[in-house]
Student: 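Sharing a structure with you now.
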Amino acid sequence: MSRNFRITQDFVLASGSAKTKARNNLAAIALLKQIEAEDRTASSDEQMVLAQYVGWGGISQVFNPTPDRDWQALASQVKETLEPAEYNSALESVLNAYYTSYEVIREIYQGLDHLGFNGGRILEPSMGVGNYLGVMPPDMERRSEVTGIELDSITGRIAKQLYPEHEIYVQGFEKSPLPKDYFDLALSNVPFGDYKIGDPEYNDLNLKVHDYFFAKSLDRVRPGGLVCFITSTGTMQSKSGKGFRVWMAERANLVGAMRLPGDAFKSNAGTEVTTDLIILQKLGPTVQPSNEQWIDVVGVGIKDAEGNELTTNEYYARHSERMLGIPCDDKLYPGRLALQGEGNTIERMRDTFAAFPSQV
């Protein structure tokens with residue numbers, strides 16, 4: 001039987017141009033279909049090919065109805081390789097298929113170790129092909145029971161071939177009947193955007209997709225358990241999200257947060273988007289409210305092109321060193337606070353984790 005794939009520093013993840021990534025994706029899909037047709041699991045050499053699949057987040061050109069001339073051949077190949085349902089699923093994933101880099105994930109695990117987590121029941125509710133699982137320290141993996149969920153069909157099936165020893169479901173998070181108060185850790189780079197997920201359990205909260213992942217995951221971790229997500233900056237700083245921050249603060253402590261600059265994901269995802277890494281601990285008999293204030297937003301003294309003052313979460317106003325870059329107006333979303341990279345983001349992540357409470 002195949003073993004779980006391991007991502008090491010030597011394994012080059014998501015390298016090359018957009019076209020190289022598209023060709024790697026196609027090679028992985030062709031191999032996946034061959035393995036499935038032969039009704040077997042991937043060999044370790046085949047896992048190396050499958051692990052180069054990076055989704056279509058930075059390569060949406062292949063789904064253009066009238067692609068540029070230099071993309072036409074690849075666009076045709078994608079259409080020929082995927083079944084119609086797979087094609088539609090891949091097209092829908094373009095908004096969110098941005099995978100986290102090895103270096104960022106490695107620092108998150110070191111930070112979790114600082115917080116006192118070294119294994120247990122782990123939920124990865126938006127796993128992609130499973131980079132978080134591949135970077136997990138071997139000792140932690142041995143002590144853990146992992147449940148992964150991935151909505152996109154091709155991506156989830158590749159994840160099953162890469163991590164056959166873990167329990168992986170290829171379906172939406174909202175369709176996953178997971179026990180409440182069960183997991184020790186929920187860990188992910190969650191999808192983010194302005195759309196909503198239909199789930200009767202949470203419809204009354206009227207949440208954007210990234211906040212939905214927080215709500216459902218917080219209910220699924222046990223009292224004292226952790227939720228550690230990379231998410232949209234909107235979770236912390238959108239004015240309309242204040243009510244949901246109150247909802248979360250009634251159920252969990254903010255252990256710590258840090259804002260990652262736009263270039264933290266550029267090589268992997270081909271995009272520059274400022275994100276927040278947020279760590280929550282669910283309240284319970286052994287975890288009392290810490291009274292950390294993180295509900296309101298405040299001005300930062302920087303103005304956008306129209307002269308309006310940009311705002312951020314009050315937590316970052318008190319802990320400006322946890323914004324790991326230079327605050328500026330967002331190029332992608334003018335009027336929203338973003339960060340430009342400054343210095344070594346990975347070293348700054350390490351220093352920030354060291355300032356978080358230990359052994360919680």
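Position 1 is the first residue of the sequence; numbering continues from there. The structure presented is a predicted model; accordingly, all values stated were derived computationally and were not measured.
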Student: Checking K208 now: which residues fulfil side chain to side chain donor-acceptor pair (under 3.5 Å) with it, not counting sequence neighbours?
Tutor: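 By the side chain to side chain donor-acceptor pair (under 3.5 Å) rule, K208 matches D194.
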Student: With a cut-off of 3.5 Å and sequence neighbours excluded, list every side-chain donor-acceptor pair involving residues 216-228.
Tutor:
from, atom 1, to, atom 2, distance (Å)
K216, NZ, F173, O, 2.9
K216, NZ, S176, O, 3.1
S217, OG, F213, O, 2.7
D219, OD2, Y202, OH, 2.5
R220, NE, L178, O, 3.3
R220, NH1, E201, OE2, 3.4
R220, NH1, Y202, OH, 2.7
R220, NH2, E201, OE1, 3.2
R222, NE, D184, OD1, 2.5
R222, NH2, D184, OD1, 3.4

Student: Under the rule for side-chain contact (heavy atoms from CB on, under 4.5 Å), what residues qualify as partners of S144, not counting sequence neighbours?
Tutor: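 In terms of side-chain contact (heavy atoms from CB on, under 4.5 Å), with neighbours along the sequence ignored, S144 is linked to I122, M140, V146.
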Student: Going from OG1 on T352 to CE on M258, what distance comes out if it is rounded to the nearest 0.5 angstrom?
Tutor: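 Answer for the OG1-CE pair, T352 versus M258, is 5.0 Å.
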Student: Considering residues at least two apart in sequence or located in another chain, which fulfil the side-chain contact (heavy atoms from CB on, under 4.5 Å) criterion with Q161?
Tutor: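 Counting only residues at least two positions away or on another chain, Q161 forms a side-chain contact (heavy atoms from CB on, under 4.5 Å) with L32, I35, T41, A42, L50.
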Student: Indicate yes or no: does E150 engage R157 in a salt bridge with an N to O separation below 4.0 Å.
Tutor: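 No salt bridge links E150 with R157.
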Student: If you measure from CG on N313 to CD1 on I278, what distance do you get to the nearest 0.5 Å?
Tutor: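 Going from the CG atom of N313 to the CD1 atom of I278 covers 8.0 Å.
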Student: Ring pair (Phe, Tyr, Trp, His ring centres under 6.0 Å): which pairs involve residues 274-296, sequence neighbours left out?
Tutor: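 Checked against ring pair (Phe, Tyr, Trp, His ring centres under 6.0 Å) - neighbours excluded - no pair reaches residues 274-296.
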Student: Y53 and N24: side-chain donor and acceptor closer than 3.5 Å?
Tutor: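 No.
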Student: Do K303 and E309 meet the salt-bridge criterion of a basic N to acidic O distance under 4.0 Å?
Tutor: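 No, no charged N to carboxylate O under 4.0 Å.
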Student: Under 4.0 Å between a side-chain nitrogen and a carboxylate oxygen: does that hold for E103 and R350?
Tutor: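 R350 and E103: not salt-bridged.
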Student: Answer yes when R6 and E141 have at least one side-chain N-carboxylate O distance shorter than 4.0 Å, and no when they do not.
Tutor: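 Yes.
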Student: For T286, enumerate each residue passing the side chain to side chain donor-acceptor pair (under 3.5 Å) test, keeping only those at least two apart in sequence or located in another chain.
Tutor: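 Partners of T286 under the side chain to side chain donor-acceptor pair (under 3.5 Å) test: none.
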Student: Check residues 61-78 and write down every donor-acceptor pair under 3.5 Å in which the side-chain atom is one partner and the other belongs to a residue at least two apart or another chain.
Tutor:
from, atom 1, to, atom 2, distance (Å)
N64, OD1, T66, N, 3.4
D70, OD2, K19, NZ, 3.1
S76, OG, Q72, O, 3.0

Student: Can you tell me how far the CZ atom of R245 sits from the CE atom of M236, to the nearest 0.5 Å?
Tutor: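 Reported value, rounded in 0.5 Å steps: 8.0 Å.
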Student: Name the atoms and distances for all side-chain donor-acceptor pairs under 3.5 Å in residues 332-340, with sequence neighbours left out.
Tutor:
none

Student: Please check if any side-chain donor atom of T233 sits under 3.5 Å from a side-chain acceptor atom of D276, or the reverse.
Tutor: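 There is no such pair between these side chains.
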Student: Applying side chain to side chain donor-acceptor pair (under 3.5 Å), can you list everything that pairs with D39, at least two apart in sequence or on another chain?
Tutor: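 Result, side chain to side chain donor-acceptor pair (under 3.5 Å) vs D39: none returned.
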Student: How about E167 and Y169: does a side-chain donor come under 3.5 Å of a side-chain acceptor?
Tutor: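 Yes, Y169 and E167 have a side-chain donor paired with an acceptor closer than 3.5 Å.
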Student: Going by the rule side-chain contact (heavy atoms from CB on, under 4.5 Å), which residues pair with D139 if we only count those two or more places apart in sequence or in a different chain?
Tutor: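 Testing D139 for side-chain contact (heavy atoms from CB on, under 4.5 Å), a comparison that skips the adjacent residues, returns R142, R143.
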Student: Hey, are S17 and T20 close enough side-chain-wise for a donor-acceptor pair under 3.5 Å?
Tutor: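 Their side chains do contain a donor-acceptor pair, which is all the 3.5 Å distance test asks for.
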Student: Is the distance between the ring centroids of H319 and Y315 under 6.0 Å?
Tutor: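 Close enough - the centres of the two rings lie under 6.0 Å apart.
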Student: Could you give the distance from NE2 (H210) to CD1 (I230), rounded to the nearest 0.5 Å?
Tutor: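 It is 14.5 Å, given to the nearest 0.5 Å.
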Student: Do the non-hydrogen side-chain atoms of F229 and L187 ever get within less than 4.5 Å of each other?
Tutor: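 Heavy-atom side-chain distance check fails, nothing below 4.5 Å.
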Student: If we ignore angles and hydrogens, is there a donor and acceptor under 3.5 Å between the side chains of Y132 and N189?
Tutor: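 Note: Y132 and N189 side chains miss the donor-acceptor criterion.
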Student: Of D329, V297, D330, which is the lone residue that meets side chain to side chain contact (heavy atoms under 4.5 Å, CB included) with L310?
Tutor: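 Running side chain to side chain contact (heavy atoms under 4.5 Å, CB included) over D329, V297, D330 with L310 returns exactly one hit, D329.
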Student: Nearest 0.5 angstrom please: Q237 CD to D296 CG, how far?
Tutor: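 Separation between the atoms: 13.5 Å.
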Student: List in chain and number order the residues that pass side chain to side chain donor-acceptor pair (under 3.5 Å) with K33, two or more places apart in sequence or in another chain; answer none if no residue qualifies.
Tutor: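 K33 satisfies side chain to side chain donor-acceptor pair (under 3.5 Å) with E86 only.
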Student: State which residues pass side-chain contact (heavy atoms from CB on, under 4.5 Å) with R251; sequence neighbours excluded, sorted by chain then number.
Tutor: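 So R251 forms a side-chain contact (heavy atoms from CB on, under 4.5 Å) with W247.
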